[in-house]
Amino acid sequence: MKRLKLSKKKKIAIITSSRSDFYLLKNLINLFKQDKKFEEYIVITGNHFLKDFGYTFKDILKNRFNRVVKLNTFKLKSDSKGISDNFYKTSKYFSDFLNKRKIDLIILLGDRYEILSIAAISSLYSIPIAHLHGGEITYGSQDDNYRHAITKLSHLHFVSTNKAKKRIFQLGEGKKEVFNVGSFGIDRIRNIRLYSKFEIEKKLKIKLKNQNFLINFHPSTFQFKKNVIEIKEILKALKYFKNAILIFTYPNADKFNSLIITELKKFIKKNNNCYLFNSLGDKKYFSLIQYVDLVIGNSSSGILEVPYFKKPSINLGDRQLGREQPASVINSKIKKNLIIKNIKLGLSNSFKKKIKKFYNPYLKKNTALKTYNIISKYNLKKINYKKFNDFK
């Protein structure tokens, strides 16, 4: 009777719950996919399964990864009860997944509430976690709390800047487990061929003009009334630029996002210089940045990825407050006249000259490769125990 050979492959689960995190993770996923020492599971959950966000799980399936696990756990609800239900269901489904497989490492990115639920379940199963983009600060969003909580449940930390690295130390994590590898978004941009202007216009069925704005605005998640007031104020300001093409993307699946979507749809019906996309994907999104004059909103992309293209970003409100910013970012309060003023500043030749050369704290080479090399050499059996390291 032949003995069955036991697999010595390291089993890792890489989690993606949103349109944005998958594209940041893609380079890293491909590196593990090519390494026969690993058995990688791509776990799809969150708003990938929502129709309003473009059923983006289909885009992931096109990549033909070796092992894909679909956890359809979300309903499009933006109130506290709906989000709590999504949190619970994600926890339950992911627990069922772990109960069927022996996983050696979980890889998580960012700061969303469903990622926190997965981190908590992984901890209960005593599975080590590698966390990407921890240590960052965004005072104007609940994501701040989720991100730091995920850090405390994680064992290996791959951060984007030196300041983020220091914050991880302040949270009591060991210095040997924290690595500054730079931005995964910039790393992704460097590894794809972007579309030409003709190609992106054809794919999106749009016609760019002399002046083009890309707008990404998400709920601040704290206050119901504030979100409604803010999006209306932003749209009033944008209406001033009648000759500009306005390209909007859907907000994240956060609390009160439906309020923003409703206002965007009403605005677009009344103005024929607008386009609205529920999901662009990374290649189309980054390609589009090349040909717009500036990016407006409160997304982390305006701070992390847009500066790579030497394009101005108008960062609205407090959602990204505390995050390190390159000189290409213009901060603006959400008041009609101030937004108009700051857009004009971003469009000015003097500002464009200023940002041709500036220091970008997120810019590092081979982010995904460095992360892969570190994880592949780690003895995963010895990193589960954690002690709190007092900050000196």
Side-chain angles (χ1 to χ4, degrees), residues 10 12-16 18 20-35 37-38 40 42 104-112 115 119 128-138 143 146-148 150-192 282 286 300-309 320 322-326 358-380 383 386 389:
K10 296 176 184 177
I12 60 170
I14 304 172
I15 318 302
T16 173
S18 68
S20 56
D21 70 14
F22 170 69
Y23 299 111
L24 300 181
L25 288 164
K26 195 171 179 181
N27 288 347
L28 186 61
I29 292 172
N30 286 329
L31 288 167
F32 283 113
K33 179 184 176 182
Q34 295 163 15
D35 190 337
K37 298 192 298 293
F38 287 93
E40 78 290 345
I42 314 307
D104 298 299
L105 181 73
I106 308 289
I107 297 179
L108 305 175
L109 185 146
D111 47 30
R112 292 190 54 78
I115 295 298
I129 299 169
H131 184 210
L132 319 182
H133 274 283
E136 296 171 15
I137 295 289
T138 51
D143 293 351
Y146 305 147
R147 187 187 308 107
H148 300 327
I150 295 166
T151 290
K152 289 310 302 173
L153 293 167
S154 300
H155 305 80
L156 297 175
H157 310 273
F158 298 91
V159 302
S160 59
T161 68
N162 282 326
K163 284 187 179 179
K165 189 174 183 178
K166 289 177 182 177
R167 291 193 193 103
I168 300 288
F169 296 155
Q170 286 179 274
L171 289 167
E173 300 302 295
K175 291 188 175 182
K176 292 182 179 180
E177 287 74 49
V178 188
F179 310 93
N180 180 4
V181 294
S183 163
F184 283 82
I186 293 175
D187 190 60
R188 178 65 186 150
I189 294 167
R190 284 173 157 172
N191 282 272
I192 54 177
D282 65 335
F286 292 137
S300 61
S301 174
I303 296 171
L304 296 174
E305 287 96 44
V306 176
Y308 177 80
F309 294 93
Q320 300 298 332
R323 198 187 286 276
E324 291 175 74
Q325 298 182 350
F358 64 89
Y359 171 69
N360 189 341
Y362 300 98
L363 188 60
K364 281 187 168 35
K365 292 182 179 180
N366 302 317
T367 299
L369 182 60
K370 287 175 184 174
T371 304
Y372 158 78
N373 284 336
I374 292 166
I375 290 175
S376 63
K377 293 172 185 176
Y378 244 87
N379 184 344
L380 301 179
I383 65 171
K386 286 178 61 171
N389 292 274

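More than 12 heavy-atom neighbours from other residues, nucleotides or ligands sit within 6.0 angstrom of NZ on Lys33.
A distance of 9.5 Å separates CG in Asn27 from CD1 in Ile29, rounded to the nearest 0.5 Å. Separation of atoms OH (Tyr23) and CD1 (Ile189) is listed at 14.0 Å; rounding is to 0.5 Å. Rounded to the nearest 0.5 angstrom, Ser376 OG and Leu31 CG are separated by 9.5 Å. Put simply, CG on Leu363 and OG on Ser160 are 11.5 Å apart, with the number rounded to the nearest 0.5 Å. Atom-to-atom distance recorded for Leu24:CG and Leu109:CG is 5.5 Å, nearest 0.5 angstrom. One finds the OG atom of Ser300 at 6.0 Å from the CD atom of Glu305 (value rounded to the nearest 0.5 Å).
Residue Gly302 comes nearest to Pro307 through the heavy atom pair O-CD, 3.4 Å, listed as atom of the first residue, atom of the second, then distance. The heavy-atom pair separating Thr367 from Asp187 by the smallest distance is N-OD1, 3.1 Å. Heavy-atom minimum distance, Ala130 versus Leu105: N-CD1, 3.9 Å. When all heavy atoms of Lys176 and Phe179 are compared, the closest pair comes out as O-CZ, 3.3 Å. Minimum heavy-atom separation, Leu108 to Ala119: CD1-CB, 3.7 Å.
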- Item | From CA spacing to verdict: side chain to side chain contact (heavy atoms under 4.5 Å, CB included), Ile12, Phe32 | CA-CA 9 Å; Ile12 60 170; Phe32 283 113; 3.5 Å; yes

- Query: Given the rule in the side chain to side chain contact (heavy atoms under 4.5 Å, CB included) test, do Ile303 and Gln320 qualify, once you have shown the distances and angles that lead to the verdict?
  - Reply: CA-CA 9 Å; Ile303 296 171; Gln320 300 298 332; 3.6 Å; yes

- Item | side chain to side chain contact (heavy atoms under 4.5 Å, CB included) assessment of Leu132 paired with Leu25 | CA-CA 9 Å; Leu132 319 182; Leu25 288 164; 3.6 Å; yes

- Item | Derivation and outcome, side chain to side chain contact (heavy atoms under 4.5 Å, CB included), residues Tyr378 and Glu177 | CA-CA 10 Å; Tyr378 244 87; Glu177 287 74 49; 3.9 Å; yes

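Remark: side-chain polar atoms of Lys386 are not paired, donor with acceptor, to backbone N or O of His155 under 3.5 angstrom. The closest donor-acceptor contact from the side chain of His131 to the backbone of Ser154 lies at 3.5 Å or more, if one exists at all. The closest donor-acceptor contact from the side chain of Lys370 to the backbone of Lys365 lies under 3.5 Å. A side-chain donor-acceptor contact under 3.5 Å links Arg147 to the backbone of Glu136. Listed for the Lys152 side chain is a donor-acceptor partner under 3.5 Å among the backbone atoms of Leu171.
Taking the side chain as every heavy atom from C-beta outward, Lys163 and Pro361 never approach each other to under 4.5 Å. Contact annotation: the side chain of Asn180 never approaches that of Phe158 to less than 4.5 Å [non-hydrogen atoms, C-beta and beyond]. With a 4.5 Å cut-off on side-chain heavy atoms, Tyr308 and Tyr362 do not count as touching. Residues Ile186 and Leu304 form no side-chain contact, since every pair of their non-hydrogen atoms from C-beta on lies 4.5 Å or further apart. Between Ile107 and Leu28, the closest side-chain pair of non-hydrogen atoms falls below 4.5 Å. Taking 4.5 Å as the limit, every side-chain heavy atom of Ile129 sits out of range of all side-chain heavy atoms of Leu156. The side-chain heavy atoms of His148 and Ile137, taken from C-beta on, include a pair separated by under 4.5 Å. You'll find the side chain of Thr371 stays beyond 4.5 Å of the side chain of Asn373, heavy atoms only.
Arg167 and Gln170 share no donor-acceptor pair across their side chains, judged by distance under 3.5 Å alone. For the 3.5 Å distance criterion, the side chains of Thr161 and Glu324 qualify, holding a donor opposite an acceptor. One side chain, Thr16 or Asp21, offers a donor N or O that lies under 3.5 Å from an acceptor on the other. For the residue pair Tyr372/Asp35, the side-chain donor-acceptor check at 3.5 Å is satisfied. For the residue pair Thr151 and Glu173, no side-chain donor N or O sits within less than 3.5 Å of a side-chain acceptor on the partner.
In this structure, Phe184 has its ring center under 6.0 Å from that of His133.
Annotation: cation-pi geometry satisfied between Lys175 and Phe169 (NZ/CZ under 6.0 angstrom from ring centroid, within 45° of ring axis).
Between Asp143 and Arg112 there is no salt bridge, since no side-chain nitrogen of the basic residue lies less than 4.0 Å from a carboxylate oxygen of the acidic one.
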